[in-house]
Amino acid sequence: METEEQATKQKRIVCIAGPTACHKTECAIELAKRIGGEIVSADSVQVYFGMDIGSAKPSLEERQGIPHHLIDCVPIDSPEFSVSQYRELAKEAIAGICSRGNVPIVVGGSGLYLNALTYPLGFAIPRNDEVRARLSAAYDEHPQAAFQRLLDVDPETAKRLHPNDKKRVLRALEVYDCSGKPLSSFGDDFQNEAGEQAPFEPLLFGLNMDRAILYERINLRVDRMMQQGLLEEARRIYDAKFASDLPALRSIGYQQLFSYFDGECSLEQAVEQIKQDTRRFAKRQLTWFRRDLRIRWFDATEFGQCKEHILREMETLFLEFWKGTNE
RNA sequence: AGGGGCAUGAUGUAAUGGUAACAUAGCGGUCUCCAAAACCGUUCUUCUGGGUUCGAGUCCUAGUGCCCCUG
């Protein structure tokens with residue numbers, strides 16, 4: 001009985017979510033200093049070596065001695081990196097933090113990554129590039145037919161997907177072709193087929209701010225990235241001539257500069273595009289996080305002024321959440 | 001100052017005198033192995049005044065603003 005309880009307590013984590021450029025990094029580091037935390041990044045780009053400026057990795061100085069995990073752990077040309085791999089690496093990192101008696105603070109803007117840690121997502125059938133290529137060709141040939149097939153084999157999934165959503169239609173067919181079972185039979189956020197629990201029980205904080213100010217911050221931050229050498233960083237990656245379909249290369253801040261290197265637009269246009277794409281990304285992040293009712297939101301519009309207040313509040317909620325946990 | 005041209009949403013454009021349209025931005029949403037990805041939905045428009053006409057973004061007229069040419 002006691003060991004079981006011990007096990008649940010071991011699984012607690014603190015998370016900080018929110019759109020890009022809303023002080024998540026600083027907030028997390030300050031919180032870590034107060035509660036004895038170590039930081040686990042939940043960011044799909046910070047995992048890559050060499051993508052530093054564009055992904056806004058905190059510098060060693062900014063980290064203030066707080067250990068950071070899941071930053072710089074995959075090479076850019078690692079095509080097999082995916083959410084489930086992220087989850088495995090994060091689990092290891094969190095286990096390490098707990099063994100040191102520290103508090104894991106998961107920080108990041110990749111909603112799916114956070115959900116992979118806090119919901120029992122299944123990921124039962126790994127991707128299969130051969131099957132996928134075949135399905136993709138069939139879809140391009142005749143999209144309606146592909147969607148019709150999904151309607152036949154997995155009506156439940158088909159019903160919630162738009163026929164134009166090629167990626168998900170293909171994924172659903174891929175799962176069916178590889179397993180003989182419809183994707184919908186593998187469960188949803190709240191239960192997976194194997195009946196496993198969520199890996200961790202989170203205390204979820206969200207940071208948000210006035211939209212206009214957030215957009216201003218994004219624009220300024222992109223300018224600052226350019227001053228810090230984003231162009232050179234992107235050039236290095238461009239010159240390494242990786243396969244062009246690598247997911248990492250489609251990250252914001254890089255793909256736009258690659259267009260500039262390819263002569264498709266001016267540098268000014270590329271920078272404007274980075275700003276716009278980042279703003280839209282922030283909006284999508286908010287759409288994702290807004291529907292997560294577990295999140296306790298904080299307004300970081302005037303972060304400089306309310307920092308103390310926010311951190312004190314977070315600390316109080318944390319102590320409540322952490323009460324009774326093992327030493 | 002004279003001559004010419006233009007004026008349509010936040011922006012760029014379309015519409016033989018006959019239901020004002022498209023793209024982009026903006027806003028909202030979806031999300032179970034590429035997720036900083038991919039996909040879906042949606043608000044807003046004829047410069048001002050007069051006139052012709054059954055009917056005007058379109059034609060006439062005055063004004064206002066912008067652009068080009070000449071000086």
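In what follows, chains carry the letters A, B, and so on, assigned in the order in which the sequence lines appear, proteins first and then strands, with residues in each chain numbered from 1. Hydrogens, waters and symmetry mates are skipped; everything else that's a heavy atom, side chains included, is used.
Backbone-only contact: Tyr215(A) has heavy atoms under 4.0 Å from sugar-phosphate atoms and none from a base. Residue contacts for Thr287(A): at a heavy-atom cut-off of 4.0 Å it reaches a base atom on one of the strands shown. Residue contacts for Arg127(A): at a heavy-atom cut-off of 4.0 Å it reaches the sugar-phosphate backbone alone, with no base atom in range. In this structure, Asp277(A) reaches neither bases nor backbone, as no heavy-atom distance under 4.0 Å exists between it and the strands shown. Nucleic acid contact for Tyr113(A): sugar-phosphate only, since backbone atoms but no base atoms lie under 4.0 Å from a heavy atom of the residue.
Ring geometry, Tyr113(A) versus Phe81(A): the interplanar angle exceeds 60°, so the pair is classed perpendicular (tilted spans 30 to 60°).
For Arg284(A) and C39(B), the shortest distance from a side-chain N or O to OP1 or OP2 is not below 4.0 Å. Taking only side-chain nitrogens and oxygens, Arg290(A) comes nearer than 4.0 Å to OP1 or OP2 of G28(B).
Judged by distance alone with a 3.5 Å cut-off, no donor-acceptor contact links the side chain of Lys283(A) to the base of G26(B). Between the side chain of Lys167(A) and the base of A35(B), no donor-acceptor pair of N or O atoms lies under 3.5 Å.
A cation-pi arrangement is found for Arg235(A) relative to Phe261(A), the charged atom lying closer than 6.0 Å to the ring centre and inside a 45° cone about the ring normal. Seen from the ring of Phe200(A), Arg12(A) does not count as a face-on cation partner, given the 6.0 Å and 45° thresholds.
Base pairing annotation: U11(B) forms a Watson-Crick or G-U wobble pair with A23(B), both donor-acceptor distances under 3.5 Å. Across all strands shown, U52(B) forms no Watson-Crick or G-U wobble pair with both distances under 3.5 Å. Pair assignment for A1(B) gives U70(B), based on Watson-Crick or G-U wobble hydrogen-bonding distances that are each under 3.5 Å.
Among C27(B), A35(B), C39(B), the nucleotide with an atom closest to any side-chain atom of Arg211(A) is C27(B). Relative to the side chain of Pro247(A), the nucleotides G26(B), C34(B), C39(B) differ in distance, and C34(B) lies closest. Listed nucleotides: A38(B), C27(B), C34(B). Nearest to the side chain of Arg168(A): A38(B). Relative to the side chain of Arg250(A), the nucleotides C33(B), C34(B), C39(B) differ in distance, and C34(B) lies closest.
Remark on RNA chain B: of its neighbouring residues Asp189(A) and Leu112(A), the 5'-side contact belongs to Asp189(A), judged by nearest-heavy-atom nucleotide.
A centroid separation of less than 6.0 Å is found between the aromatic rings of Phe190(A) and Tyr119(A).
Between the C1' atoms of G50(B) and U13(B), the separation comes to 29 Å (whole Å).
In this structure, CG in Leu31(A) is found 6.5 Å from SG in Cys27(A), a value given to the nearest 0.5 Å.
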